[in-house]
Amino acid sequence: MSTRREFLKTVVGGGIALSAVKLPWLAGCSHGGTTERQPLVIPDEFAGGMLVASVLSATSSGLGTQPWTLGGRTPAPTIRVRKADMFSTQLVNNLAEPTNIHWHGVLVPADMDGHPKEPVAAGGSRMFSYQVQNRAGTYWYHPHPHQATGKQVYLGMAGFFIVNDSEEQALGLPAGAFDVPLLIQDRRLASGSPGYAFQPMDIPNGYLGDTITVNGVPNAYFEVATGLYRFRLLNGANARIFRLQFADGRPLVVIATDGGLLEAPVTTDSLWLGPGERAEILVDFSKDPIGSSLLLHSIEFGMGGPTGGGGHAGHGGSTSTVPPQGADVDIIRFDVKRAAASGGSIPTKLATLEKLDPGTASKTRTFELAMRQGVTTGLHTINNLLFDLARMDEQLAAQAIEIWEFKSLDDGNIHPMHVHGMQFQVISRSSGPLNANDMGWKDTVLVFPMETVRVVARVSSYPGMYLLHCHTLEHEDDGMMINLQVT
Ligand code: C2O
Ligand code: CU
Ligand code: CU
């Protein structure tokens, strides 16, 4: 049970005791006080056409360096489509290295999925074209090149892929300026390490940042009216897990998770959001006085399990200026500035959700998540395997219903497990009850240390090779990924 501590000794040459120490960055954690805040920026929208991958010569405040971009900006432009539409885009790679695009959560044919065996070479281009099968929801897109996903996402290449449909439209949910995508990431700005300055400890810990950015803006604030808002939350951080809470203690009203709307809103005091996961919340500012502010932050948690208590504290970044995993960090401040023309109310019923019946599963698969000792790369395995581009690891029948068991043998880290091109529903957690972000259709699920999480999945209807991996991008690039062959 001490694999992680063993590793820490290997790398840093001695024990470390980050957990008990009050670190300098905590002093700057002001909860709406002294940190200089910048206004939120809403990404532009994009309906298809040419999408150029390039490095900008300009410096971005949210990155402190020359950002890597899709569509010439970071975050990449928000793609908004309707269910059943055809979506097409041509990726033009003006980077000096291979890239590609993966459509995270989107039910695409295998050859459109952005598997790293199909990179687009520097100077090359390729067409992506598919019909949108997903129900309304918040999905996203990012590069997935072999062993460089973490770097390219961190440097700025990621954007929203939003699907609308008629079932959702009939609800009259907040729209236009009241429907706000929030891409939450963290970067090393305070510690002044530009670029993706990778160190050995960033493999086990993941590349944790010291500054939260929302839509690329560090320490963001957003001016709101006294109405009802729909916020689409996406954790696009490489490794940082959030447990979101409002500073005034008001509950979060969750209306959607990875795969779209829930049956009915679920309220929770705190909302887990691991790398790759999405959740949509409704926030009603109608009773907030003009001039007041509401802070969304991520509360402190240990490595014990979804209740957040117990277990040891999280592990730090590579320097003491980087808050460890599980530290309390500010996300964004909402400043109530003006009266809204109309209110809007929270629907009591949202959508009809198809419930997968685990009793009809044709197969149960177990995925053991482990951390190897005595190595400095290739630490993270699934069923004892490190990723191999060409090796086929699991064979699945198209459209089958299966039970998957994610079994963590790692006592030191939380792993957000993600599958490409299909979705699942969470059945159980060995550590206790399901949490608000375990509801509905999912493609990414947090697996806490030594925990077993069971899900029921529907295999893709398209044949070909898909991926299953940890969405802590440094774990993925380190090999915590396997190929799923659908036939
Ligand atoms: Cu967003 Cu293979 O992942
Ligand atoms: Cu994905
Ligand atoms: Cu992991």
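Start at 1 and go down the list; that is how both ligands and their atoms are numbered. Note that the structure is a prediction, hence the values are computed from the model and not measured.
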Note to self: So that I can check it, does any N, O or S atom in His380 come closer than 2.8 Å to the Cu ion (ligand 3)?
What the structure shows: no

Next item on the list: Determine which of the N, O or S atoms in His415 is closest to the Cu ion (ligand 3) and give its atom name.
Entry: ND1

Item checked: Distance-only side-chain donor-acceptor flag, Asp113 / His420, under 3.5 Å -> yes

Checklist line | CA sep, side-chain torsions, deciding dist, call: Asp258, Glu277, side chain to side chain contact (heavy atoms under 4.5 Å, CB included) | finding: CA-CA 6 Å; Asp258 297 342; Glu277 287 188 304; 3.8 Å; yes

Next item on the list: Give the ring-plane orientation class for Phe424 versus Phe406, where under 30° counts as parallel, over 60° as perpendicular and anything between as tilted.
Entry: tilted

Notebook entry, point to check: What N, O or S atom of His475 is found closest to the Cu ion (ligand 3)?
Noted result: ND1

Notebook entry, point to check: So His418 and His469, would you call those rings parallel, tilted or perpendicular, with 30° and 60° as cut-offs?
Noted result: perpendicular

Next item on the list: Provide the atom name of the closest N, O or S atom of His102 relative to the Cu ion (ligand 2).
Entry: NE2

Notebook entry, point to check: Is the charged tip of Arg80 near the ring of Phe161: under 6.0 Å from the six-membered ring centre and within 45° of its axis?
Noted result: no

Checklist line | 2.8 Å cut-off met by an N, O or S atom of His144 to the Cu ion (ligand 2) | finding: no

Check: Under 2.8 Å from the Cu ion (ligand 2), is there an N/O/S atom belonging to His104?
Finding: no

Notebook entry, point to check: Under 4.0 Å between a Lys/Arg side-chain N and an Asp/Glu carboxylate O for Asp393 and Arg391?
Noted result: yes

Check: Does His104 bring an N, O or S atom to within less than 2.8 Å of atom 2 (Cu) of ligand 1?
Finding: no

Notebook entry, point to check: Looking from atom 2 (Cu) of ligand 1, what is the angle between NE2 on His144 and NE2 on His420, to the nearest 10°?
Noted result: 100°

